[in-house]
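Residue indices begin at 1 and follow the sequence shown. This is a predicted model, so every value here is computed, not measured.
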Amino acid sequence: MLAIDVSKHNGQIDWEKVKAAGCDVAIVRMGYGLGHVDPWYHRHIVGAEQAGLHTGIYWYSYALTPEQAAVEAVHVIRLLGTRRFGKFPVWFDLEDADGYKQRNGYHFTRANGTAIAQAFMRRLKNVGIPVGLYANKDWLTNYVDADALDCDIWLAHYTTQTDYQGKYVMWQYTEHGKLAGVDGKVDLNYVYQNYWEDDVQMKVYKHTTEMPEWARDTFVRLVKADVVKVDENGEIEVQECSVQPMVYLDRLCHGHVELLSEAVKQLSQ
């Protein structure tokens, strides 16, 4: 599945166009720090849901200690009220994108990062809210023990082929994405786990022209290379759930379908 994550910095979004462009999921920043609500949170959530996208939220943390992280978690619970996003986690972002932590004496250690994430997650788990961690490759490698957290991981690594060795269920592969309905750049993500499997009826694509733009090039290459079979009418029947893995494999072999079998071997190692 294709996902975008947005905040006030993305401004007005035409969610109908986003949906038509093949986006399946919108992850919206609820807020940050000690109870600050993103001014576009409600508009983004409502707009995405009305357009038929799956939705979720993330919280940008300014916590310098586990105690502050626990307070942030209380604000998230309060702001959520009775709203839930099914099995889709609330994502906790504890990075330091704007340098706040560095300016305020944060100790950049795996132990400290892990303790802060645990404090936030414990509060949400205690009230039955699923929670996951968003972090880039550097943080996941050096500043937090992802295994100790025992939660879903949303990896940020801006590259065509990540070499991160840990487990992750989502991959934010660019911050310079372009998508119809969004002015300027937008974060683009692949979602590898279907949190909504029980809620959706799987679509079947009968021709490459029915697929979203981001999948079309892959399938044209696969058809031409006879990796994907086409019937006598030039039609192809592919379940929606198989599109994303094929696109991922295509990216692993950089569009060279003759290397596809080698890419599959990499995944199985």
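- Not one N or O on the side chain of Q193 forms a donor-acceptor pair closer than 3.5 Å with the backbone of V191.
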Checklist entry - Under the side chain to side chain contact (heavy atoms under 4.5 Å, CB included) criterion, do V28 and T55 qualify, and how do the steps go? => result CA-CA 7 Å; V28 179; T55 57; 5.7 Å; no
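- Between D98 and Y60, the closest heavy-atom pair is OD1-OH, 3.5 Å.
- Within the 4.5 Å cutoff, side-chain heavy atoms of V74 are placed close to those of R123.
- Among all heavy-atom pairs drawn from A69 and I116, the shortest one is CB-O, 3.3 Å.
- What you find for N112 and L64 is that their closest heavy atoms are ND2-O, 4.0 Å.
- For W91 and Y58, the distance between ring centers is not under 6.0 angstrom.
- For H36, the NE2 atom is densely surrounded, since the number of other residues' heavy atoms within 6.0 Å is greater than 12.
- A donor-acceptor pair under 3.5 Å is formed between the side chain of N189 and the backbone N or O of A3.
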Next on the checklist: Applying side chain to side chain contact (heavy atoms under 4.5 Å, CB included) to V76 and F120, what does each step give before you reach the verdict?
Outcome noted: CA-CA 10 Å; V76 172; F120 180 93; 3.9 Å; yes
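- Contact record, M1 with V25: SD-CG2, 4.1 Å, taken as the closest heavy-atom pair.
- Between D14 atom CG and D183 atom CG the span is 9.5 Å, to the nearest 0.5 Å.
- K101 places a side-chain N or O within 3.5 Å of a backbone atom of E95 that can act as its donor or acceptor partner.
- A single hydrophobic cluster is seen to contain both Y158 and Y173, as judged by linkage of ILVMFWY side chains at heavy-atom distances under 4.5 Å, directly or through other members.
- A continuous path of hydrophobic side-chain contacts links F88 to Y192 [ILVMFWY only; heavy atoms under 4.5 Å].
- Aromatic ring centroids of F108 and Y106 lie under 6.0 Å apart.
- A donor-acceptor pair under 3.5 Å links the side-chain atoms of R43 to the main chain of P39, judged by distance alone.
- For the pair L34 and E72, the minimum side-chain heavy-atom distance is below 4.5 Å.
- Between the side chains of D24 and W196, not a single donor N or O lies within less than 3.5 Å of an accepting N or O.
- V71 and M121 fall into different hydrophobic clusters, defined by Ile, Leu, Val, Met, Phe, Trp and Tyr side-chain heavy atoms under 4.5 Å apart, directly or through other members.
- The OH atom of Y62 lies 13.0 Å from the CG atom of L94; values are rounded to the nearest 0.5 Å.
- Counting non-hydrogen atoms of other residues, nucleotides and ligands closer than 6.0 Å to CG of N104 gives a total above 12.
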Next on the checklist: Evaluate H75 against R78 for side chain to side chain contact (heavy atoms under 4.5 Å, CB included), listing each step before the verdict.
Outcome noted: CA-CA 5 Å; H75 286 298; R78 174 180 58 83; 3.1 Å; yes
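- Atom CZ of R84 and atom CD1 of I129 lie 4.0 Å apart (nearest 0.5 Å).
- At distances below 3.5 Å, not a single donor-acceptor pair connects side-chain atoms of T159 with backbone N or O atoms of T162.
- None of H9, R29, K8 except one satisfies the side chain to side chain contact (heavy atoms under 4.5 Å, CB included) rule with W40; the exception is K8.
- Side-chain contact between L80 and V90: present, with at least one pair of heavy atoms (C-beta onward) separated by less than 4.5 Å.
- Interatomic distance, CG of L133 versus CG of D93, reported as 8.0 Å (0.5 Å rounding).
- V46 and V6 are not part of a single hydrophobic cluster, where members link through side-chain heavy atoms under 4.5 Å apart.
- Here the CD1 atom belonging to I27 is positioned 11.0 Å from the CG atom belonging to L53, to the nearest 0.5 angstrom.
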Next on the checklist: M170 vs D152, test: side chain to side chain contact (heavy atoms under 4.5 Å, CB included). Steps then yes/no.
Outcome noted: CA-CA 9 Å; M170 296 202 302; D152 286 350; over 6 Å; no
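- Across every non-hydrogen atom of I57 and M30, the tightest pair is CD1-CE, 3.6 Å.
- Contact detail for Q172 and D5: the closest heavy-atom pair is NE2-OD1, 2.9 Å.
- Of the options W154, W139, W171, W59, a ring-ring contact (aromatic ring centres under 6.0 Å, His included) to Y134 is made by W154 and by none of the others.
- Note that CH2 of W15 and CD1 of I4 are 4.0 Å apart. Values are rounded to the nearest 0.5 Å.
- In this structure the side chain of D163 reaches within 4.5 angstrom of the side chain of H157, judged on heavy atoms.
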